[in-house]
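Working notes, structure below.
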Amino acid sequence: MTATDTTDTTLRTVTLNVNGQTLHQQVEPRTLLAYALRDAGLKGTHVGCDTSSCGCCVVLLDGDTPAKSCTMFAVQAEGHQITTVEGLGGPGNLHPLQQAFWDQHGLQCGYCTPGMLMTAKAMLEHNPDPTDQEVREFLSGNLCRCTGYNNIVKAVQQAARVMRDEAQAQALAGMVPGTDPSTGTAGGGAQ
Amino acid sequence: MFPAAFDYIRAHSAEEALAALAQHGAEARILAGGQSLIPAMRLRLARPAVLVDLGGVKDLGYLREEGGDLRVGAMTRDVTLERDANVRARYSLLTDTGAVIADPVVRCLGTVVGSLCHGDPSGDWGAAALASRAVMVARSASGERLIPIDEFLVDSFQTSLEEGELAVEVRFPTPDGRTHGSYQKIERKVGDYATAAAAVQITLGDDGRVTHAGVALTAAGPRPVRVDAAEKLLLGQLLTEDVIRAASEEARIVSDPFADTRGSVEYKKDMARVLVARGLRASAARLGTGVTA
C-alpha cells in the first residue's frame with residue numbers, strides 16, 4: 001500500500017470471520033477487503049482490474065451474497081461470515097464447482113477462476129437449476145480472457161447437476177436441509 | 001488506487017448516523033452499498049474525511065408497500081427488488097431498470113437510495129425515479145421531509161439533501177392495473193455506463209388514452225432529464241405510431257449528452273429518441289394495447 005499524501009493512517013484491528021475461522025487483522029479504514037484477505041495469507045482471492053469490473057476478487061458474504069472484495073472495505077466486513085475460494089474446497093476435497101471446472105476445462109490461466117467459482121456458488125444458492133442464459137447473465141460481471149466462457153457455462157451446469165443430486169440424496173437420508181457440506185459450517189449464526 | 005485516508009464510523013441506527021453527520025458536517029459521507037462511492041474514492045474523485053457506514057443499520061433494509069407507494073429503505077439492495085415477486089409482477093419500469101444496472105454481483109451490494117444520492121447523471125435509477133415520480137424521504141434531527149425526485153436531483157453528483165440530512169427511503173408510487181413502463185438502455189458491455197437510456201411509464205384510461213406519462217433520460221445532461229414536452233404530448237392521446245414518433249422526437253431534442261468513446265452527441269441524441277420510442281411500444285404491449293399505425 002502506498003499512501004504518502006495523508007497522515008491519518010491509524011491502524012485498527014478488525015475481526016473477520018473467514019471460512020469459519022476468526023482472523024484478527026490490522027487494517028486502516030481504507031484497507032480494501034481483498035487486500036486484507038491476501039495479507040492474511042488467503043491468496044486465492046485475486047485482484048484483477050482493481051476497479052470492480054472483472055470479478056476476480058469475488059467472495060461470499062453470509063453464504064449467499066457475492067461481493068467484489070476490491071470494492072468493499074475490510075471494516076465493512078466485520079460481523080459478516082466471509083467465504084473465500086479456500087473455504088470452498090481444496091486438493092482431495094474439491095467442491096463440485098471446482099471439480100466441474102477441472103472436468104470441463106473451465107479455466108486456462110486460472111486467474112479469474114476463484115471469482116468465477118464464488119459467483120457461481122452464490123447463483124446456485126438462489127437458483128439451483130439455472131438455464132445456460134441465466135448462468136451467462138449472472139456471470140456477466142466476471143471476465144475471463146482465456147476460455148471464451150463456453151466451458152465455464154458447461155462447468156457450472158455440471159456442478160449444478162451434481163449439487164442437486166447431492167441435495168436430493170441428503171434429503172432422502174434425512175439430513176437437515178440447508179446445511180452446507182462444502183464448508184461444513186455448523187450454523188455459527190450471522191451476528 | 002487506494003482511497004485517501006478517512007475515519008470510519010459504523011452506525012447501528014439511523015439516529016447514530018444522524019449524530020455522526022451532525023458531528024462531522026460536510027466532511028462526512030454516508031456509505032451504503034459503496035458500489036459507486038468506493039470506486040470514486042479509489043480514483044480520488046471523492047475524498048470524504050469521514051465515512052458513516054449504514055451497513056449495520058438493519059432496519060433500513062426494507063421493501064414494502066404502504067400508503068400507495070413502494071417504500072425502499074436506504075440499505076435495500078438492488079438485488080432485493082430484482083428478486084421480489086411483487087415488484088416483478090407490478091413494477092415493470094423498476095424491474096427493467098434493476099436488471100441492467102452494472103452487473104449482477106454489483107447489484108447484490110448496490111442500493112437504490114445510495115445510487116440516487118450519488119447523483120450520477122449516468123446512473124440508471126435517476127431516470128426511473130423521474131418517470132415514476134418517486135419521492136425521497138430525508139430525515140434530520142428536526143424530523144422528516146419529503147422531496148419530489150425532480151427537486152432532489154439538482155446537478156451532477158449533487159442532490160438537494162442538506163447538511164445533517166440522511167436519505168432514509170425512496171417511495172415509488174404503486175402502479176395501478178392500467179400502468180406499465182419500460183427501461184431501455186444501450187451499453188457497450190455489461191457493467192459499462194449507458195451510452196443512452198430511457199425510462200418510460202404510462203397510465204391508460206378506460207378509453208385507451210394516456211392519463212399519466214413519465215418520460216426521462218439517463219446520460220443525457222448534467223442530471224437525469226425529464227422530457228416534459230413528451231409527457232405533455234402524450235397526455236390524452238392514444239398510443240399510435242404517430243404519437244410515439246412525435247413524443248420520442250422530443251427526447252432527441254431535449255437530450256444534451258457529451259461525446260465520448262461511447263458515441264457522438266448526434267448519435268446519443270438519436271438513441272434517446274429510439275429508446276423512448278421502444279419504451280413506449282414496450283409499455284403499450286405490457287398494457288395489452290397493440291400500437292396502431
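Protein chains get the first letters and strands the later ones, always in sequence-line order, with residue 1 at the start of each. Bear in mind the structure is a predicted one, so any value in this text is a computation, not a measurement. Computed over heavy atoms, backbone and side chain alike; hydrogens, waters and symmetry mates excluded.
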So which atom in [X] and which in [Y] form the shortest heavy-atom distance, rounded to 0.1 Å?
| X | Y | result |
| --- | --- | --- |
| A:Gly141 | B:Pro104 | N-CD, 4.3 Å |
| A:Arg30 | B:Pro3 | NH1-O, 2.9 Å |
| A:Thr71 | B:Pro39 | CG2-CD, 3.7 Å |

Expected output: side-chain B:Arg42 to main-chain A:Cys70 donor-acceptor under 3.5 Å: yes

Has B:Arg10 got a side-chain atom pairing as donor or acceptor with A:Glu78's backbone, closer than 3.5 angstrom? yes

If I measure from the heavy atoms of chain B, does [X] come under 4.5 Å with its side chain, its backbone, both, or neither?
| X | answer |
| --- | --- |
| A:Leu139 | neither |
| A:Thr65 | side chain |
| A:Val58 | side chain |

May I ask you to check whether over 12 heavy atoms, not counting those of [X], lie within 6.0 Å of atom [atom1]?
| X | atom1 | result |
| --- | --- | --- |
| B:Tyr62 | OH | yes |
| A:His105 | NE2 | no |
| B:Arg90 | CZ | yes |
| B:Gln158 | CD | yes |

When rounded to the nearest 0.5 angstrom, what is the spacing between [atom1] in [X] and [atom2] in [Y]?
| X | Y | atom1 | atom2 | result |
| --- | --- | --- | --- | --- |
| B:Ile38 | A:Thr51 | CD1 | OG1 | 13.5 Å |
| B:Asp103 | A:Phe138 | CG | CZ | 9.0 Å |
| B:Leu31 | A:Phe73 | CG | CZ | 6.5 Å |
| A:Glu28 | B:Tyr8 | CD | OH | 15.0 Å |

So, the part of B:Leu37 with a heavy atom under 4.5 Å from chain A: the answer is neither

Under 4.5 Å from a heavy atom of chain A, the part of B:Arg83 involved: side chain

Do A:Ser52 and B:Val106 have side-chain heavy atoms sitting under 4.5 Å apart? yes

Specify which of A:Lys68, A:Gln76, A:Met72 makes the most heavy-atom pairs with chain B at under 4.5 Å. A:Gln76

